[in-house]
Number of protein chains: 2
Amino acid sequence: MFQIDAMSRTPMYEQIKEQLEKFILNGTIAPGEQIPSVRSLSLQLSINPNTILKAYSELDTQGIIYSVPGKGYFVCENALDIVSAAKYDKLDELSAVLADMALAGIPKEEILQRVNKAYTKHDR
Amino acid sequence: MFQIDAMSRTPMYEQIKEQLEKFILNGTIAPGEQIPSVRSLSLQLSINPNTILKAYSELDTQGIIYSVPGKGYFVCENALDIVSAAKYDKLDELSAVLADMALAGIPKEEILQRVNKAYTKHDR
DNA sequence: TAACTGTTATATGTCTCATATAACACCTAT
DNA sequence: ATAGGTGTTATATGAGACATATAACAGTTA
């Protein structure tokens, strides 16, 4: 399920967060469902438990998952809304990137093609 | 001219690289022109010379600027092409971001608006 | 010669990321 | 009640990136 690249420039705990958020968005994990325990995911990925815990703790703080001591971690009911809202917050970053690309002379058509491609993958 | 945010998560030397590339793209600095010396920029920004040198060295390796010992650093003649090409390489990243936003339910119209905005700022 | 320029080198400090390890408390099924 | 899973907290350690401090050497130019 999870796949971590230890050589990546983005920290492992960030990769875990991103992947879990993606699983929530695409329905791989539903609200209320339990996610892999700190120790089991630690073993599965050959990663230190503290690294998993760091990812889970931050997701907990964001209100995306919650912990039940002795039982495990579960996806919050409103997790989808929170993750979506976080993506909205990145729109300004997107605008900055687009401005850069426009300045670099990348054709608008090239961008529009990519937008269309991204938005046709779910219309079915 | 240059403005560095020491508190930013992106390293100072990266910020310098990005800003210089932007200055080249928008014509603030033309090919063949001399850029601030390592020491002068170091003083101006209150940053260690080695940090400036790291940024310049990497831009040198990329073929965007070149050094003349005893004289200074200058912008390469084909700098514009190289910087543009680098932006093209980031198109796949853009596609990934767009896919994320589509998955998060951000309306396509919202994206298209931003694309249009980015591409109308230079059509005059 | 003086005052710039790039170049190279070493040492130091700080922070983030990740690991190693341990201990404690809670829950649940046997 | 015990065993084995769970979360929780804590400390120590190591590696690497980033930035600083400092120095010395060489080339260019007025």
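The chains referred to below are lettered A, B, ... by the order of the sequence lines, with proteins before strands, and numbering in each begins at 1. As the structure is a computational prediction, the values presented were derived from the model and not from experiment.
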Under 4.0 Å, counting only non-hydrogen atoms across every strand here, what does L53(A) touch: a base, just sugar-phosphate, or nothing?
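Base contact - L53(A) has a heavy atom under 4.0 Å of at least one base atom.
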Please step through side-chain contact (heavy atoms from CB on, under 4.5 Å) for the pair R114(A) and K117(A), ending with a clear verdict.
CA-CA 5 Å; R114(A) 308 228 171 205; K117(A) 198 168 182 180; 5.5 Å; no
Verify the distance criterion only: is there a donor paired with an acceptor across the side chains of Q34(B) and K71(B) at less than 3.5 Å?
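Result is no, nothing qualifies.
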In whole angstrom, what separates [X]'s [atom1] from [N]'s [atom2]?
X	N	atom1	atom2	answer
L45(A)	dA18(C)	CG	P	12 Å
I52(A)	dA20(C)	CD1	C1'	15 Å
K17(A)	dC17(C)	NZ	C1'	14 Å
Q34(B)	dC4(C)	CD	P	14 Å
Y13(B)	dG16(D)	OH	C1'	12 Å
F74(B)	dT28(D)	CZ	C1'	10 Å
Y66(B)	dT5(C)	OH	P	17 Å
L41(A)	dG5(D)	CG	P	16 Å

Please tell me if the side chains of I111(A) and L91(B) come closer than 4.5 Å, counting only heavy atoms from C-beta onward.
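SC-SC contact between I111(A) and L91(B) confirmed.
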Closest-nucleotide ordering on DNA chain C, the 5'-leading residue of N50(B) and A6(A):
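By nearest-heavy-atom nucleotide position, the 5'-most residue is N50(B).
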Of Y56(B) and N48(A), whose nearest nucleotide on DNA chain C comes first from the 5' end?
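Looking at DNA chain C, the more 5' nearest nucleotide goes with Y56(B).
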Check: R39(A) side chain, dG5(D) base, donor-acceptor under 3.5 Å:
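Between dG5(D) and R39(A), which were checked side chain against base, a qualifying N/O pair under 3.5 Å is absent.
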Is there a side-chain polar atom (N or O) of [X] under 4.0 Å from OP1 or OP2 of [N]?
X	N	answer
T51(A)	dT19(C)	yes
S37(A)	dG5(D)	no
K71(B)	dT29(D)	yes
Y73(B)	dT7(C)	yes
K54(A)	dC17(C)	yes

Inspect the contact between E14(A) and R9(B) and indicate whether a charged nitrogen and a carboxylate oxygen are less than 4.0 angstrom apart.
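Yes, this pair counts.
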Compute the centroid of each ring, for F23(B) and then for F2(B), and state whether the two points are separated by less than 6.0 Å.
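Yes.
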